[in-house]
J.: 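So that we are looking at the same thing, I have put the structure below in structure tokens.
Order of listing sets the numbers, starting from 1, for every ligand and every atom in it. These numbers were taken from a predicted model, which means no experiment stands behind them.
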Amino acid sequence: MTATTDAISAQEHAALADHWSAPNYHPMSVVLAQGEGAWVTDLDGRRYLDFVSGYSALNFGHRHPDIVAAAKAQLDRLTLTGRSFHNDQFGLFCSELAELTGTEMVLPASTGAEAVESAVKIARKWAYQVKGVPDGAAEIIVAGANFHGRTTTMVSFSTDPSARNGFGPFTPGFTVVPFGDLDALTSAITENTAAVLLEPIQGEAGVVVPPRGYLAGVRRLCDETGTLFIADEIQCGLARAGATLALDDENVRADLYTLGKSLGAGLVPVSAVVGRADVLGVLKPGEHGSTFGGNPLACSVARAVVRLLATGEFQERSRELGTYLHSCLEAVDGVAEVRGRGLWAGVQIAEGRPTGHRVSEAMAERGLLCKENQGHLRVAPPLVITREEIDLGVDVIAKVLG
Ligand code: PLP
């Protein structure tokens, strides 16, 4: 059976998904059919303000005209070559992304998890080839409550039981320390430590910002011990937290960064590892690869993203509107704490106030898409949102929590 949006109802779409798709998500009842800027519309024509932004994959909003134009132009020319050939987008993408991020080299991939997997492989190879770690002994230190994706290796060092249970055996070679605790990190680093892998601001954990000075301390420890610092900026980077890279805000540089989500602006999956040439340069032809990594369509979209970020407008919007968003949320009755930076907030719901799936559904009924997760809301509107739209969204949150 072929389902088209005109042929069947919203309920029938939901029923098809429920029946035919693997049950690894519990979606809300809305069936979305269109999006523009900060707004999406369901199949019955109801509009919703989007406070989720595809978990930061839509920093520039739905179907930003510059990005759509770049994709359409590329669709009419060339979409995939494989890396056995050069194409006229790839080199430009790498050089422009490196310039934007102040880095020296780019490894392209498609999904976030693939980028982090690649960074782990590179760090291990670097440890054996450059640091002199005995073969098979490389360790990577990660933080508790981390989220780096869903592959077998990524869930091997997750501290979330539901991400791990039933998926073993796990990949060895990871040590978990509490996020934000420099003493614990100091004790965990050994001569076999290849890298410290962290989200500078932990997204899935509820937008958790570490204490000021922690990230600079991580950099210092890595320098003292000859250890790589890998910053996973897949969710917090690309203007979400108010800077091109969240680490910029603390004047800290990582050796490798993983980027994803908004690098493809919600059009196509694009991710990358960017960083030091002497580290990424440990890879030799044939040792690593990805069929879709660096394809011309992805590169043209990401180049349009880089052009938008190079204006600085989105970083500024995130900082200014973020301050406004945070102050509005802090004033809501029923909010215990607001964490985060830029247009990004982890909103802890006060004791005794409604929580759970019904909160997300109640917000949707009032025209706001925003997800409740274990007692907190993660608020991440597209960076094209206006003050008036922030007011609308916060008003719905206040009504639902009140
Ligand atoms: N790293 C971080 C920090 C993330 O937030 C995510 C996704 O939420 C990932 C990695 C995985 O990205 P993907 O779902 O594209 O594999």
J.: Parallel, tilted or perpendicular, judged at 30° and 60°: which one describes the rings of Phe90 and Phe93?
T.: tilted

J.: Does Gly112 reach ligand 1 with a nitrogen or oxygen that is under 3.5 Å from one of the ligand's nitrogen or oxygen atoms?
T.: yes

J.: Can you tell which part of Arg150 has a heavy atom less than 4.0 Å from ligand 1: side chain, backbone, both or neither?
T.: neither

J.: For the pair Glu287 and Lys125, find out whether any cationic side-chain nitrogen is under 4.0 Å from an anionic carboxylate oxygen.
T.: yes

J.: With only distance considered, is Ala113 within less than 3.5 Å of ligand 1 through an N or O on each side?
T.: yes

J.: Given the rule in the side-chain contact (heavy atoms from CB on, under 4.5 Å) test, do Val384 and Phe314 qualify, once you have shown the distances and angles that lead to the verdict?
T.: CA-CA 8 Å; Val384 293; Phe314 291 88; 3.9 Å; yes

J.: Using a strict threshold of under 4.0 Å (side-chain N to carboxylate O), is an ion pair present between Asp395 and Lys399?
T.: yes

J.: Below 4.0 angstrom from a heavy atom of Glu204, which ligand 1 atoms are there? Numbered from 1 as shown, please.
T.: 8 (O)

J.: Hey, are Arg47 and Asp42 close enough for a salt bridge, meaning a charged N less than 4.0 Å from a carboxylate O?
T.: no

J.: Closer than 3.5 angstrom, by distance alone: can the side chain of Gln74 be matched with the main-chain N or O of Leu78 as a donor-acceptor pair?
T.: yes

J.: Near Asp232, which atoms of ligand 1 are under 4.0 Å from a heavy atom of that residue?
T.: 1 (N), 2 (C), 3 (C), 10 (C)

J.: With only distance considered, is Glu199 within less than 3.5 Å of ligand 1 through an N or O on each side?
T.: no

J.: Give me the residue, atom name and distance of the protein heavy atom closest to atom 5 (O) of ligand 1.
T.: Gln235 NE2, 2.7 Å

J.: At the 4.0 Å heavy-atom cut-off, does Phe147 count as touching ligand 1?
T.: yes

J.: Would you say atom 13 (P) of ligand 1 has a protein heavy atom nearer than 4.0 Å?
T.: yes

J.: Check whether Tyr324 forms a cation-pi arrangement with Arg387 (NZ or CZ under 6.0 Å from the six-membered ring centre, at most 45° off the ring normal).
T.: yes

J.: Record the part of Lys261 in heavy-atom contact with ligand 1 below 4.0 Å; permitted values are side chain, backbone, both and neither.
T.: side chain

